Amino acid sequence: MSTSPAQMSEARRYAQLRAHLSYLKLNDAFEALPRVLDQARGENLSMTAALERLLEIEVEATEARRLAARERFACLPEPWTLSDFDFSAQPGVDEKLIRDLATLRFLDDASNALFVGPPGVGKTMLSVALGRAAVDAGHRVYFTTAAELAAKCHKAALEGRWKSCMNFFAGPRLLIVDELGYLPLPEDGASALFQVINQRYLKSSTILSTNVGIADWASAFGDATVAAAMLDRLLHRATVVGIDGPSYRLRHHQSHAETLRQGVNARVS
Ligand code: ADP
Ligand code: MG
């Protein structure tokens with residue numbers, strides 16, 4: 001059977017179109033092309049509708065890839081979201097304040113958030129939930145503990161990579177530094193953290209969680225001047241959330257202990 005010139009050029013055009021999509025690395029559109037062309041024919045789609053359907057497939061796949069890459073980069077330790085946080089278990093936490101933080105408005109003016117409180121009250125959970133919201137909204141987020149940050153900077157200094165390490169910590173739109181004060185920071189750790197905070201100051205937001213009350217920072221970080229300078233940058237534009245309620249982690253132990261105690265009391269009386 002012979003092919004007419006019109007059919008020939010149509011076949012060539014189709015091959016060209018596939019080649020263009022492949023050259024532009026629009027792989028999902030490339031894969032979907034035959035299906036979308038069939039749909040266009042079958043549903044009598046307009047040219048605009050068919051093109052829109054094809055590109056929508058590529059856009060959705062790109063969004064999913066970018067989200068996955070942001071998630072991998074962020075290193076959030078848990079899949080927590082704000083809906084996992086039980087506000088009634090921690091009545092000291094101002095729900096409105098947290099919901100306002102979750103709008104991510106604070107990223108726009110590069111302000112910070114500080115969670116201060118004893119272990120188990122949900123500081124990490126709230127930081128992670130805000131981090132997750134920022135990742136979902138398309139922002140670059142990075143989660144680390146203060147000890148990890150100090151160790152990374154220390155290693156980078158030894159290996160002559162100080163500048164690139166500082167650039168790394170300057171990069172994310174939101175940096176989360178967890179567990180400041182849980183472990184004593186070595187001297188160069190406190191100064192590395194200060195430099196990280198200082199270079200982010202007024203440029204991008206940091207969430208920091210600590211068990212050390214702000215009044216005790218000077219003694220906790222050894223160097224009162226570094227502590228004061230760090231607090232100065234952090235608090236200039238910041239939401240401070242003090243959580244002093246009971247440990248959520250221990251509440252079952254506590255209620256268990258309470259039951260045991262009541263049991264003993266009941267037997268005694
Ligand atoms: P912190 O960082 O203050 O030590 P975490 O955020 O790690 O505390 O919380 C400790 C544990 O308790 C986690 O498993 C967390 O999911 C849970 N938790 C803490 N507060 C709440 C809360 N208000 N609602 C639900 N789970 C909570
Ligand atoms: Mg924690």
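All ligand and atom numbering here is 1-based and tracks the order in the structure. In this text, all values refer to a predicted model and were calculated from it rather than measured experimentally.
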If we number the atoms of ligand 1 from 1 as shown, the ones under 4.0 Å from a heavy atom of Y182 are 4 (O)
For atom 3 (O) of ligand 1, the option (of E179, E78, Q90, K123) bearing the nearest heavy atom | K123
Do me a favour and list the nearest non-hydrogen protein atom to atom 2 (O) of ligand 1 with residue, atom name and distance?
-> T124 OG1, 2.7 Å
Check step by step if salt bridge (charged side-chain N to carboxylate O under 4.0 Å, His left out) holds for R99 and E95.
-> CA-CA 6 Å; R99 299 227 176 263; E95 181 170 352; 3.0 Å; yes
Identify the two heavy atoms, one from E179 and one from A146, that lie closest to each other, and give their separation to 0.1 Å.
-> O-CB, 4.0 Å
Could you label the plane-to-plane angle of the F168 and Y142 rings as parallel, tilted or perpendicular, counting under 30° as parallel and over 60° as perpendicular?
-> perpendicular
Please report which non-hydrogen protein atom sits nearest to atom 23 (N) of ligand 1, along with the residue it belongs to and the distance in Å to one decimal place.
-> D86 O, 3.0 Å
Give the numbers and elements of all ligand 1 atoms closer than 4.0 Å to a heavy atom of D84.
-> 24 (N), 25 (C)
Counting both backbone and side chain atoms, is some N or O of G122 under 3.5 Å from an N or O of ligand 1?
-> yes
Kindly confirm or rule out an N or O of G120 lying under 3.5 angstrom from an N or O of ligand 1.
-> yes
For ligand 1, note which part of I243 has a heavy atom under 4.0 Å away: side chain, backbone, both or neither.
-> neither
Do R200 and T206 meet the criterion of a side-chain donor-acceptor pair at a distance under 3.5 Å?
-> yes
N/O separation below 3.5 Å, V121 to ligand 1 = yes
Roughly how far apart are K203 NZ and R173 CZ, rounded to 0.5 Å?
-> 14.0 Å
If you round to the nearest 0.5 Å, how far is CG of L76 from OG1 of T124?
-> 11.5 Å
Contact partition for W80 relative to ligand 1, non-hydrogen atoms under 4.0 Å | side chain
Could you tell me whether R105 and D100 have a side-chain N and a carboxylate O separated by less than 4.0 Å?
-> yes
Atom CZ of R132 and atom CG of L130: how far apart are they, to the nearest 0.5 Å?
-> 12.0 Å
Shortest protein heavy-atom distance from atom 7 (O) of ligand 1, along with the residue and atom involved | R249 NH2, 3.1 Å
To the nearest 0.1 Å, how far is atom 12 (O) of ligand 1 from its closest protein heavy atom, and which atom is that?
-> Y248 CD2, 3.4 Å
Only one of T210, N211, L180 clears side-chain contact (heavy atoms from CB on, under 4.5 Å) with V116; which?
-> T210
For P119, the ligand 1 atoms whose distance to one of its heavy atoms is below 4.0 Å = 4 (O)
Separation between CZ of F143 and CG of D178, rounded to the nearest 0.5 Å | 4.0 Å
In this structure, atom 6 (O) of ligand 1 is nearest to the protein heavy atom M125 N, 2.8 Å
N, O or S atom of T124 closer to the Mg ion (ligand 2) than 2.8 Å = yes
